[in-house]
Asker: 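Got a structure for you, written out below as structure tokens; questions coming shortly.
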2 protein chains.
Amino acid sequence: MGITERKEREKQEMRDKIIDAAISMFLEEGYEKTSIRNIAEKIEYSPATIYLYYKDKDELLYDVQKQAFGKLDDVFREKITAADPFERLEQICRTYVWFGINNPELYDLMFIIKAPMNAIDDNEWHNGDQALNALIGCVTECLSKQEIRFSDPRVAALSIWSMGHGLISLNIRCRIKEELIGNIDKEEMINKCINEYVQLIKK
Amino acid sequence: MGITERKEREKQEMRDKIIDAAISMFLEEGYEKTSIRNIAEKIEYSPATIYLYYKDKDELLYDVQKQAFGKLDDVFREKITAADPFERLEQICRTYVWFGINNPELYDLMFIIKAPMNAIDDNEWHNGDQALNALIGCVTECLSKQEIRFSDPRVAALSIWSMGHGLISLNIRCRIKEELIGNIDKEEMINKCINEYVQLIKK
DNA sequence: TTGAAATAATGAACACTGTTCAGTAAATTT
DNA sequence: AAATTTACTGAACAGTGTTCATTATTTCAA
């Protein structure tokens, strides 16, 4: 039954076509402009066609989010290289924040906007697993070597992540007033915060 | 000229009517359901009328945001009472996170969603000033008494704020997986993070 | 008091959005 | 070649923010 396989393949190709269009739209125009109608127009199909491949917009965005997390994983694989766990933890923090600041639209979809978290129930969201496990594994190692001032790996992981996420998302959403950062630029200020934080958690 | 004053008063009353409707809508239904049309229906006016009092939706939401910050200020005035600066800093952290967790829709408007930050240019956003100054004042005092492990008050303020914001916003946006927090509930986990953080920054 | 000017409010429209569904066109199977 | 399954779409529904010509009301001057 070669036809069934071809059909299957074509179905996947169409899904790829859709999320490729969606992702490039996301990167170029951001979330607001990425509408079903715009995606449909880009791939030269009717809007209704997209609903033959995705149940709704959230399900589609979930796949785009998966791609976004894939990009984060790529960056992590490239930059998180240190053998020493604390050194690696520092690399994780800096790389994570770097990624967020330099990919605001992707970060938005991954961690800030509501969509596509309505599409999935809590225990089936696996998009962030790889990066999260990297962090948890790292802090666990740090703890066993007594290199960080935390008692529990989960508390440590959530705390560190929250710190990074806070810096990124306040910046992306323009909630950091000029007064607060003084004359230096925002990225420099964020780096200072990371520097201080790394010193704080170091044992 | 009593008429001019009455007109002025009536104009303000109408604006109040609009944001009152908007704020109750925000609290009951959240950002998504708070549309110009719904607000108009609630106050029994035409949608177009709202545009006689507000330039656009963002300008309206800016006023709602102002009210939300007012509520935060109220809570701060009630809960931030300690004379000792470090004790007060701890109160600020706990109160801030408590407010965010218990007023997710308001917090959303204040710090997470894009709107209404497009309505205002960077240097004219004064909605968060009071709370921010409370934080900056407090860390400055902590620093002068050498009670926290920071060197710069601005870095300290942004760091502490980011930590709190990270915890709240990751929670509100359902990005914290069950695995990460184990068997305890999320609020307890968040409290543990604050506890550890307070210890971290304590000198 | 009456007519003119200024103010206030609205209905209807525009250009969007996500989504559904009946109907058509194409491919596959019988 | 006919019947059936699959793929696709146009048009519609209900919603969004926003604008504007038109209408109703109020204020002011003669």
Side-chain angles (χ1 to χ4, degrees), chain A residues 1-19 21-22 25-26 29-65 108-109 113-120, chain B residues 1-19 21-22 25-26 29-65 108-109 113-120:
Chain A
M1 282 292 117
I3 289 173
T4 328
E5 287 161 18
R6 198 204 70 219
K7 292 253 168 179
E8 197 64 36
R9 199 174 56 237
E10 281 175 350
K11 193 140 197 162
Q12 192 50 53
E13 277 166 9
M14 187 64 162
R15 283 176 74 104
D16 288 348
K17 213 178 202 174
I18 294 169
I19 52 167
M25 209 150 225
F26 230 94
E29 318 257 19
Y31 169 66
E32 311 270 86
K33 302 260 177 178
T34 309
S35 68
I36 297 285
R37 279 178 162 84
N38 289 151
I39 297 168
E41 196 182 11
K42 190 157 194 169
I43 60 171
E44 295 173 293
Y45 277 84
S46 146
T49 304
I50 290 177
Y51 288 87
L52 301 174
Y53 298 89
Y54 286 99
K55 179 173 137 278
D56 54 26
K57 198 187 179 183
D58 266 29
E59 198 173 285
L60 194 164
L61 289 182
Y62 183 78
D63 263 14
V64 180
Q65 197 197 52
D108 210 354
L109 179 61
I113 67 179
K114 270 185 182 145
M117 302 311 282
N118 305 319
I120 213 102
Chain B
M1 281 291 119
I3 289 174
T4 328
E5 287 160 19
R6 199 203 71 217
K7 290 256 166 176
E8 198 64 37
R9 200 174 55 238
E10 281 174 350
K11 192 139 199 163
Q12 190 52 54
E13 277 166 10
M14 188 62 164
R15 284 175 72 102
D16 288 347
K17 211 180 206 175
I18 294 169
I19 53 167
M25 208 151 228
F26 230 94
E29 318 256 21
Y31 169 65
E32 311 269 88
K33 302 259 175 179
T34 309
S35 69
I36 298 284
R37 279 178 165 84
N38 289 150
I39 297 168
E41 196 182 12
K42 190 158 195 170
I43 60 173
E44 294 173 294
Y45 278 84
S46 145
T49 303
I50 291 177
Y51 288 87
L52 300 175
Y53 298 88
Y54 286 99
K55 181 174 135 277
D56 54 26
K57 198 187 179 185
D58 267 29
E59 198 173 285
L60 194 166
L61 288 182
Y62 182 79
D63 264 12
V64 180
Q65 197 198 53
D108 210 353
L109 179 61
I113 67 178
K114 271 186 181 144
M117 302 311 283
N118 305 318
I120 212 100

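Every chain is numbered from 1, with letters handed out A, B, ... down the list of sequences.
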Asker: Using a 3.5 Å cut-off and no angle test, enumerate the donor-acceptor pairs between side-chain atoms of residues 49-56 of chain A and protein atoms at least two apart in sequence or in another chain.
Answerer:
residue  : atom : partner  : partner atom : Å
Thr49(A) : OG1  : Ser46(A) : O            : 3.3
Tyr54(A) : OH   : Asp63(A) : OD2          : 2.8
Asp56(A) : OD1  : Asp58(A) : N            : 3.3
Asp56(A) : OD1  : Glu59(A) : N            : 3.0

Asker: If the condition is side-chain hydrogen bond (donor to acceptor under 3.5 Å, both in side chains), which residues does Lys114(A) pass it with, not counting sequence neighbours?
Answerer: none
Asker: How would you list, by chain and number, every residue that makes a side-chain hydrogen bond (donor to acceptor under 3.5 Å, both in side chains) with Glu32(A), sequence neighbours excluded?
Answerer: none
Asker: Glu44(B) has an atom CD; how far is it from atom P of dA8(C), in whole Å?
Answerer: 20 Å
Asker: By nearest nucleotide on DNA chain D, pick out whichever of Glu32(B) and Ile50(A) is the more 5' one.
Answerer: Ile50(A)
Asker: Roughly how many Å is it from CG in Leu52(B) to C1' in dT18(D), rounded to a whole number?
Answerer: 12 Å
Asker: Specify the separation, in whole Å, of atom CD of Glu13(B) and atom C1' of dA9(C).
Answerer: 17 Å
Asker: Can you tell me how far P of dT5(D) sits from CD of Glu10(A), to the nearest Å?
Answerer: 20 Å
Asker: Taking only residues two or more places apart in sequence, or in another chain, which ones meet Glu44(B) in a salt bridge (charged side-chain N to carboxylate O under 4.0 Å, His left out)?
Answerer: none
Asker: dG17(D) P sits how many Å from Glu59(B) CD, rounded?
Answerer: 15 Å
Asker: As a test of reading the structure: which of dA9(C), dT9(D), dG18(C) is closest to the side chain of Tyr53(B), going by heavy atoms?
Answerer: dA9(C)
Asker: Calculate the interatomic distance between Ile39(A) atom CD1 and dG18(C) atom P; express it in whole Å.
Answerer: 8 Å
Asker: Report yes if at least one side-chain N or O of Ser46(A) is closer than 4.0 Å to OP1 or OP2 of dC8(D); otherwise report no.
Answerer: no
Asker: Is there side-chain contact between Leu60(A) and Pro116(A), with at least one heavy-atom pair below 4.5 Å?
Answerer: no
Asker: Atom CD of Glu41(B) and atom P of dG15(D): how far apart are they, to the nearest Å?
Answerer: 10 Å
Asker: Using a strict cut-off of less than 4.0 Å between a Lys/Arg side-chain nitrogen and an Asp/Glu carboxylate oxygen, indicate whether Glu13(A) and Lys17(A) qualify as a salt bridge.
Answerer: no
Asker: Of Ser35(B) and Lys11(A), whose closest DNA chain D nucleotide lies nearer the 5' terminus?
Answerer: Lys11(A)
Asker: For nucleotides 19-21 of chain C, give me every protein contact, N/O to N/O, under 3.5 Å, one pair per line with atom names.
Answerer:
residue : atom : partner  : partner atom : Å
dT19(C) : OP2  : Tyr51(A) : OH           : 2.6
dT19(C) : OP2  : Lys57(A) : N            : 2.9
dT19(C) : O5'  : Tyr51(A) : OH           : 3.2

Asker: What residues form a side-chain hydrogen bond (donor to acceptor under 3.5 Å, both in side chains) with Gln12(B), not counting sequence neighbours?
Answerer: Asp16(B)
Asker: What is the distance from CG of Asn38(B) to P of dG17(D), rounded to the nearest Å?
Answerer: 8 Å
